[in-house]
Peer 1: 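This is the structure I have questions about; it appears just below.
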Amino acid sequence: MDGSTITLTTDFGETDPYVASMKGVLTKLAPGVPVLDLSHAIPPQEVFEAALFLAGCVPWFPAETVHVVVVDPGVGTERMPIAVRWRGQLLVGPDNGVFTMLARKAPFEGIRRIEHPECRMEPVSATFHGRDVFAPTGAKLAMGMPFEAIGAAVADPVMLSVPEPKRLGNVITGEVIHIDRFGNTITNISDDDIKISNTYVVTVGSHSITGIMRTYGEAPQGAPLALIGSGGLLEIAVNQGNAHRALGLNRGMPVYVET
Amino acid sequence: MDGSTITLTTDFGETDPYVASMKGVLTKLAPGVPVLDLSHAIPPQEVFEAALFLAGCVPWFPAETVHVVVVDPGVGTERMPIAVRWRGQLLVGPDNGVFTMLARKAPFEGIRRIEHPECRMEPVSATFHGRDVFAPTGAKLAMGMPFEAIGAAVADPVMLSVPEPKRLGNVITGEVIHIDRFGNTITNISDDDIKISNTYVVTVGSHSITGIMRTYGEAPQGAPLALIGSGGLLEIAVNQGNAHRALGLNRGMPVYVET
Amino acid sequence: MDGSTITLTTDFGETDPYVASMKGVLTKLAPGVPVLDLSHAIPPQEVFEAALFLAGCVPWFPAETVHVVVVDPGVGTERMPIAVRWRGQLLVGPDNGVFTMLARKAPFEGIRRIEHPECRMEPVSATFHGRDVFAPTGAKLAMGMPFEAIGAAVADPVMLSVPEPKRLGNVITGEVIHIDRFGNTITNISDDDIKISNTYVVTVGSHSITGIMRTYGEAPQGAPLALIGSGGLLEIAVNQGNAHRALGLNRGMPVYVET
C-alpha cells in the first residue's frame with residue numbers, strides 16, 4: 001500500500017497528550033506515511049456524532065486510505081476492536097456503531113476483529129486503545145499488512161439505531177441531528193425525500209419557512225431559509241447569521257416538511 | 001511543481017466534516033503532496049480577520065506553496081472563485097477581499113478566475129466551494145497545472161477597505177484591529193509610523209503608557225506596556241498577563257500615539 | 001537524518017498566525033520533512049502543563065524525531081534558547097523547565113545553547129523566537145546539522161520544582177496535577193507508589209473511593225472510580241461522566257491514598 005495516508009478522528013481534543021502519543025506510534029510504526037488530522041473535536045464519547053462526521057468526509061478520500069477512529073466510551077470493556085473495509089478504504093476503531101452511517105451509504109466489504117499480535121503496543125493499557133491497539137493496527141495496514149491478516153471475520157458488528165424521517169400523507173417528519181459551527185441546523189431529511197421547491201413549507205419550533213433554496217444567498221441577510229446542504233441533507237440556516245442561536249434550534253427537535 | 005506543499009486556512013472549525021472532506025479531495029487529486037493546516041479557527045465569516053491572518057503567515061512560506069483559503073460568506077452567489085500569484089506562491093479562494101492585506105505588502109503577480117473544468121468536483125454544490133472548487137484547484141496547481149490555465153485574467157479583484165492610521169501634528173490615531181490568544185492587543189499602527197522610544201505616549205481607553213519597548217519582559221510583571229510586535233505592528237500587552245481582559249481593550253477601539 | 005519528522009507543541013492556539021508562520025519557516029528550511037502538530041492548546045504560558053504534556057507523548061516517538069516546543073513567557077529576556085537530546089530524539093525550546101518531566105523519565109543525552117548563525121531568521125524579533133529561533137533550529141537539525149554544532153554545552157538547565165507525593169505510615173499524599181478533556185482528574189501518584197487493589201481507599205475533596213480499578217467500565221455508569229491511567233498515574237474518573245465537574249475536583253487539590 002505504498003502511497004497510503006493515515007487519518008485520525010477522535011474526541012480527544014488538543015489539551016492532553018492522547019492524540020500526540022498516537023502520532024508517536026504512527027511515526028514509529030509507519031515511517032514515511034503521511035498523517036492527517038480529520039477532527040479531534042468530536043464531542044466527548046458521542047458515538048453518533050462521530051458516525052455522522054465520518055459519513056460526511058470519508059467518501060471523499062481515495063481507496064487505500066486508512067482511517068483511525070477513536071471515540072470509545074467502552075474502552076477496556078468487552079467491546080471488540082475492529083477494522084472494516086469500505087469502498088476500498090480501511091477504517092480502524094471500536095465496535096460501537098461508529099461506522100453505522102457509512103454502512104448506510106454502502107455496505108462494508110469486510111469486517112475483522114483486531115487480533116494480530118503486531119497490532120498492539122505491549123503492554124496494552126486498559127484505558128487507551130487509541131494508542132495501544134488502533135494506531136498500531138492503522139500503521140500496520142498502511143505498511144501493507146493484508147486486511148484479512150488482522151483477525152477473524154466479524155459477522156454482526158454493532159449498529160446504532162438511527163432516527164429515520166417518516167412520511168404521512170404530504171408531511172415528512174424528521175429531526176435536527178447536528179448543529180454545525182455556523183449554527184446551520186442539519187436534519188435527517190435527505191434529498192431522497194425532498195427537492196428544491198418554491199412551495200414546500202418547513203416547520204421547526206415556532207418557525208415556518210416557505211421554499212427550499214439552492215444556497216444561503218437567496219434569502220435576505222439575516223433571514224431564515226431552508227436548503228439542501230453539501231451533505232445532501234435538509235438544513236435550516238440564516239443567511240450570514242446563526243440559525244441555532246437566532247431561531248433557538250437544537251439537536252433532537254422535530255422538523256416537518258409539507259410537500 | 002514537485003516539492004510543493006498545500007496549506008489550508010478556513011473558518012470551518014473542527015467539529016464538522018468540512019475540513020476533512022477537503023483533505024479527502026486533496027489526498028485524491030494531489031497524492032503525495034503534503035497538506036498543512038494553517039488555521040480552521042478564523043472567526044466565522046470574518047473576511048478581514050482572515051486577510052490579517054494570511055498577511056501574518058504567508059510571507060514566511062517559500063515560492064511554489066499553494067494556499068487554499070475558505071472564508072466565504074458569499075458562497076453560491078455571484079462572487080467569483082479566484083487564484084492569485086503572490087511572490088511566487090499561489091493562493092486560491094473567493095474573490096471577497098481575503099487577499100487584501102497581502103496585496104498591501106506586495107502586488108499580485110497575476111489573478112485568474114477559476115474556470116478550468118478539472119478545477120471542480122462535479123456536481124459542484126451551491127454551498128461548499130471549499131470542497132468542490134477551491135480544494136480541487138489547489139490540488140491541480142500543486143500537481144503542476146500552469147497558473148494561466150486556471151481561467152481568464154481578472155483585472156479588478158475585490159479589496160476590503162482597511163482602517164488607516166492618521167497623523168495630525170505629533171499625534172498618530174489608529175485603532176485596535178486584532179486581539180491575540182494571549183490578550184495582546186494589536187493595532188494598525190506599524191513600524192513605518194513609529195519606532196522604539198522612551199518618550200512616545202500610547203493612549204487607549206483610559207490607559208496611557210509611556211515608552212515603546214522591545215519586549216514583554218521590559219515591563220514589571222502584570223504591568224501594561226507598548227511594543228512593536230513580531231508582525232511589525234504596535235501592540236499593547238501586559239507582561240505575563242492579558243491586556244484585553246486586564247485593560248478592557250477590544251477590536252475597533254481608537255489608539256493614540258503622541259510622538 | 002533522512003526520514004526525520006518535526007513536531008510542534010505550543011500555547012499559540014489557532015486564531016493567530018503564529019503557528020502558521022512557524023510552518024512557513026519549516027517548509028522553507030526543511031523541504032520534504034513531515035510536520036506534525038502535537039498541540040497548540042497548551043494553556044497560555046503554562047510551562048508545567050507543557051512539561052507534563054511532553055512527558056505524556058514524546059516517549060512514543062522514534063529516535064531522530066525533532067520536537068519544536070514554544071511555551072515561552074520569558075521570550076526576549078535573558079532565558080536561553082536550547083536544544084536537548086533525549087533517548088535519541090531532539091527537542092528545541094526555551095530553557096524554562098519545559099523539559100523537566102522528560103528529564104525525570106530518562107536523563108538528557110546532551111544540552112546545547114542555540115548559537116549557530118543558521119539557527120535563526122534575521123532579524124530575530126524580540127517577541128517571537130518560535131518563528132525566528134526555534135523553528136529554524138528544528139529545521140536545521142532535521143536536515144542533518146549535528147546536534148553538537150548548535151552551540152556550547154549547557155551544564156545546568158532550568159528545572160521546575162515538581163510536587164512530589166509523600167508517604168506517612170500507610171497514607172500517600174499527592175495532588176491533582178491535570179484535568180483532561182473528559183474531566184478525568186490526574187494526580188502525581190504513580191504506579192511506582194500504588195497498585196491495582198480492592199482495598200486501597202482514595203480520598204479527594206469530600207469523596208472517598210474504595211479500590212483501584214483497571215478500567216472505567218468496572219464502575220457503574222455515573223459512579224466515581226480510581227484507576228491507574230494510560231500514563232501510569234493515579235486518576236479519579238466517573239464512568240461515562242466527568243469527574244472534574246461531577247465531583248468538583250480541580251488542579252492542586254490534595255489526594256490521599258490509604259494503602
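The structure presented is a predicted model; accordingly, all values stated were derived computationally and were not measured. Every heavy atom of this structure was used, including side-chain atoms; hydrogens, water molecules and symmetry mates were not. Quick note on labels: first sequence line is chain A, next is B, and so on, each numbered from 1.
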Peer 1: Considering only heavy atoms, which portion of C:Ser125 lies under 4.5 Å from any heavy atom of chain B: side chain, backbone, both, or neither?
Peer 2: side chain
Peer 1: Please find the pair of heavy atoms, one from B:Phe53 and one from C:Ala20, that lie closest to each other, and give the distance.
Peer 2: CZ-CB, 3.8 Å
Peer 1: Under a 4.5 Å heavy-atom cutoff, which of C:Pro44, C:Pro34, C:Gly74 has the most pairs with chain B?
Peer 2: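 It is C:Pro44.
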Peer 1: Please report the shortest heavy-atom distance between C:Ala126 and B:Thr215, naming the atom on each side.
Peer 2: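 So the two residues come closest at O-OG1, 3.0 Å.
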Peer 1: Looking at C:Glu164, I'd like to know if its CD atom is crowded, meaning that more than 12 non-hydrogen atoms belonging to other residues, nucleotides or ligands lie closer than 6.0 Å.
Peer 2: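 Enclosed: over 12 neighbouring heavy atoms sit under 6.0 Å from CD of C:Glu164.
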Peer 1: Using a cut-off of under 4.5 Å on heavy-atom pairs, state which of C:Pro31, C:Ala41, C:Gly32 scores highest against chain B.
Peer 2: C:Ala41
Peer 1: For C:Met121, is it the side chain, the backbone, both or neither that has a heavy atom under 4.5 Å from a heavy atom of chain B?
Peer 2: side chain
Peer 1: B:Leu227 versus chain C, heavy atoms under 4.5 Å apart: side chain, backbone, both or neither?
Peer 2: side chain
Peer 1: Return the CG to CH2 distance between C:Leu29 and B:Trp60, rounded to the nearest 0.5 Å.
Peer 2: 10.5 Å
Peer 1: Can you tell which of B:Cys57, B:Ser230, B:Pro59 makes a side chain to side chain contact (heavy atoms under 4.5 Å, CB included) with C:Pro17?
Peer 2: B:Cys57
Peer 1: Return the option, out of C:Thr77, C:Val19, C:Val25, with the maximum number of heavy-atom pairs under 4.5 Å with chain B.
Peer 2: C:Val25
Peer 1: Which label fits C:Phe12 and B:Phe182: parallel for a plane angle under 30°, tilted from 30 to 60°, or perpendicular past 60°?
Peer 2: perpendicular
Peer 1: Distance from C:Glu14 atom CD to B:Asp37 atom CG, nearest 0.5 Å?
Peer 2: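 It is 7.0 Å, given to the nearest 0.5 Å.
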Peer 1: Any side-chain heavy-atom pair from B:Glu49 and C:Thr15 closer than 4.5 angstrom?
Peer 2: no
Peer 1: What part of C:Asp132 lies closer than 4.5 angstrom to a heavy atom of chain B: side chain, backbone, both or neither?
Peer 2: side chain
Peer 1: To the nearest 0.5 Å, how far apart are CD in C:Gln45 and CG in B:Asn242?
Peer 2: 9.0 Å
Peer 1: Is there a side-chain contact between B:Thr65 and C:Lys28 (heavy atoms, below 4.5 Å)?
Peer 2: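 The answer is no; the side chains never approach within 4.5 Å.
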Peer 1: To the nearest 0.5 angstrom, please state how far the CG atom of B:Leu36 sits from the OG1 atom of C:Thr27.
Peer 2: 5.0 Å
Peer 1: For the CG atom of C:Asp16 and the NE2 atom of B:His178, what is their distance to the nearest 0.5 Å?
Peer 2: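 It is 3.5 Å, given to the nearest 0.5 Å.
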